[in-house]
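The next block holds one structure in the form of structure tokens; read it before the comments.
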Amino acid sequence: MSYASLDAYSRKLRGAHEAAWTGATLPEGAPRRLISASWERSIQAGVDPENTAAPLVYDVSRINDVRESHPLQPLLPLLAGTLTTMADASGHVAIITDGDGNILWRDGNRTMMRRADRVGLADGHKWSEGSVGTNGIGTALADRTPVHVYSEEHLMRVLHVWSCSAAPIVDPDTDEVLGIVDISGTAPSLHPATVALVTATAKLAESQLTVRMYERDERLRRRFDGLRDHAGILVTATGRVIAGDPGGLLGERIARPAAGGRYVLPNGRAVLLEPFHDGYLLRVTTESAPPTLQLTFLGEGQPTARLGGRHITLSLRHAEILALLALHPRGLTAEQLCFYLYGDAGNPVTIRAEIHRLRSQLGDTVGAKPYRLTSPVEADFVELRSLLASGDPSAVARAYPGPLLPRSESPELRRARDELEVQVRASLLRSGSPEDLWIYAQTANGRDDMQILERLSTTLPTTDPRAITARIRLRSP
């Protein structure tokens, strides 16, 4: 695109910004569809275009620990070497983030990095769309595709002097986005062709990850081949089926397994999951598939359980134990359960007595050494975690009637309850529709949530009964 064309496009974008915030029709040809979709997500997330910098999520003192624990850490020298020379020579900044858009590493032209510091384009700052609106890093994360975001295409006005090209790095093992490679610079100096460089760099990282994955698989297969008994299916820690299933009964992947549990094959046969080096063996059992344990623990109602269709009446303590075992599928010792339930003041003897009483209701569904759930589990709070990871705010709103076991004083469950509440609220504020927000506003914590109510009162038509209700609640003492 020529400079004259860019000037014309910039003028259209300035008008489009005003239209987007007033709900008017966007001018033809500006912004392009990828950017208009990003603007819509950003506006729904409540991003203020007058914000001046990205938020800091990792203090400088912590950033090294975060890098060391990230799956991309072994590749950082390779990626840095690929990006830095080009960025420094051309007056740009090279960036690598994690899968949430948090900057793990940055280098490049020193003058440009000082300018980048002013907007938080630096180590430890968050650049997801929900934090700073449309930008190369956040939009590449949201769309899982390489993008170039030019100047006024950014939602925040302070970024209108910047352009950026970014591409996602997708883990070949899990298909999750591990991070983003990005090159940013001031608008006139960054050519859209830079997106080809970051795309090639991301592909280089993915190829290295693929090689490492195949090496891990081969080591696991060699150990599997050394077994005298091959009556099993070999599965990686992430659920990929890599040996022992010549008929392809399981397909390429199963749900990420948990040690000591059972898995039901598509033909109805049950298999036991056994830890095997860095993966698992699925061994066919002669037992019939155990009944499914269904737990409904979200919201203000009485916590309920069903086992194979049979209703189980639960005390709060038994509900707490089942919730903890569902959250820790590898199992817990009596001491761990005691600490999670009572903190330092507990007594493991009490836990053993409670487990004995719980087994009188559930039988072998509660295993021992360590304590664990041996039946397939369908829990509303576990399903909610999966929905939060999928990024579907409407599904999240429908699946969340309220907090996890709200009467529980267990330290571990309070932590899990608060974590779910924060994640649900953030998901809905970031990308939920007014309908989603209204559903949340009916929950115990949502009824008096000022930010939720303000969003409803301003996004819904003024005569909408939901907007009227929101305004009434806002005025209530």
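Please read all numbers here as calculations on a predicted model, not as lab measurements. Position 1 is the first residue of the sequence; numbering continues from there.
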Under the side-chain contact (heavy atoms from CB on, under 4.5 Å) test, which residues partner Asp418, sequence neighbours left out?
none
With a 3.5 Å distance limit and no angle check, can you tell me whether Arg417 reaches the backbone of Leu405 through a side-chain donor-acceptor pair?
yes
For Arg221, salt bridge (charged side-chain N to carboxylate O under 4.0 Å, His left out) partners two or more places apart
Glu218
Does Arg240 have any side chain to side chain donor-acceptor pair (under 3.5 Å) partners at least two apart in sequence or in another chain, and if so, which?
Asp173, Asp217
Before giving the answer on side chain to side chain donor-acceptor pair (under 3.5 Å), spell out for Thr236 and Thr238 the whole-Å C-alpha distance, their side-chain angles and the decisive distance to 0.1 Å.
CA-CA 5 Å; Thr236 68; Thr238 56; 3.0 Å; yes
Apply side chain to side chain donor-acceptor pair (under 3.5 Å) to Asn445 and list each qualifying residue two or more places apart in sequence or on a separate chain.
Glu421
Check: Ser61/Asp59 side-chain N/O donor and acceptor closer than 3.5 Å:
yes
Got a sec, which residues hit salt bridge (charged side-chain N to carboxylate O under 4.0 Å, His left out) with Asp449, two or more places apart in sequence or on another chain?
Arg425
Should Val235 and Phe276 count as side-chain neighbours, where that means a heavy-atom distance under 4.5 Å?
no
Minimal non-hydrogen separation, Arg471 against Thr462, with atom names
NH2-O, 2.8 Å
With Ser184, which residues qualify under side chain to side chain donor-acceptor pair (under 3.5 Å), at least two apart?
Asp182
Could you pull out all residues at least two apart from Glu435 that satisfy side chain to side chain donor-acceptor pair (under 3.5 Å)?
Ser433
Mind checking side-chain contact (heavy atoms from CB on, under 4.5 Å) for Ala200 and listing every partner two or more places apart, or none if nothing turns up?
none
Qualifying ring pair (Phe, Tyr, Trp, His ring centres under 6.0 Å) pairs with a residue from residues 410-455, counting only residues at least two apart or across chains:
none
Ignoring hydrogens and angles, tell me if any N or O in the side chain of Arg67 forms a donor-acceptor pair with the backbone of Leu104 under 3.5 Å.
yes
Could you work out, with side-chain contact (heavy atoms from CB on, under 4.5 Å) as the rule, every residue matching Pro411, not counting sequence neighbours?
Arg414
Can you name the nearest heavy-atom pair linking Leu83 to Ala94, along with the distance?
CB-CB, 3.7 Å
Under 4.0 Å between a Lys/Arg side-chain N and an Asp/Glu carboxylate O for Arg144 and Asp175?
yes
If only atom types and distance count, is the side chain of Asp123 paired as donor or acceptor with the main-chain N or O of Arg106 below 3.5 Å?
yes
For residues 291-337, the ring pair (Phe, Tyr, Trp, His ring centres under 6.0 Å) pairs (sequence neighbours left out) are Phe297-Phe381, His328-Tyr340
Salt-bridge contact Glu378-Arg306 (side-chain N to carboxylate O under 4.0 Å):
no
Test side-chain contact (heavy atoms from CB on, under 4.5 Å) applied to Arg317 - qualifying residues, sequence neighbours left out:
Ser315, Glu320, Ile321, Leu341, Tyr342, Glu354
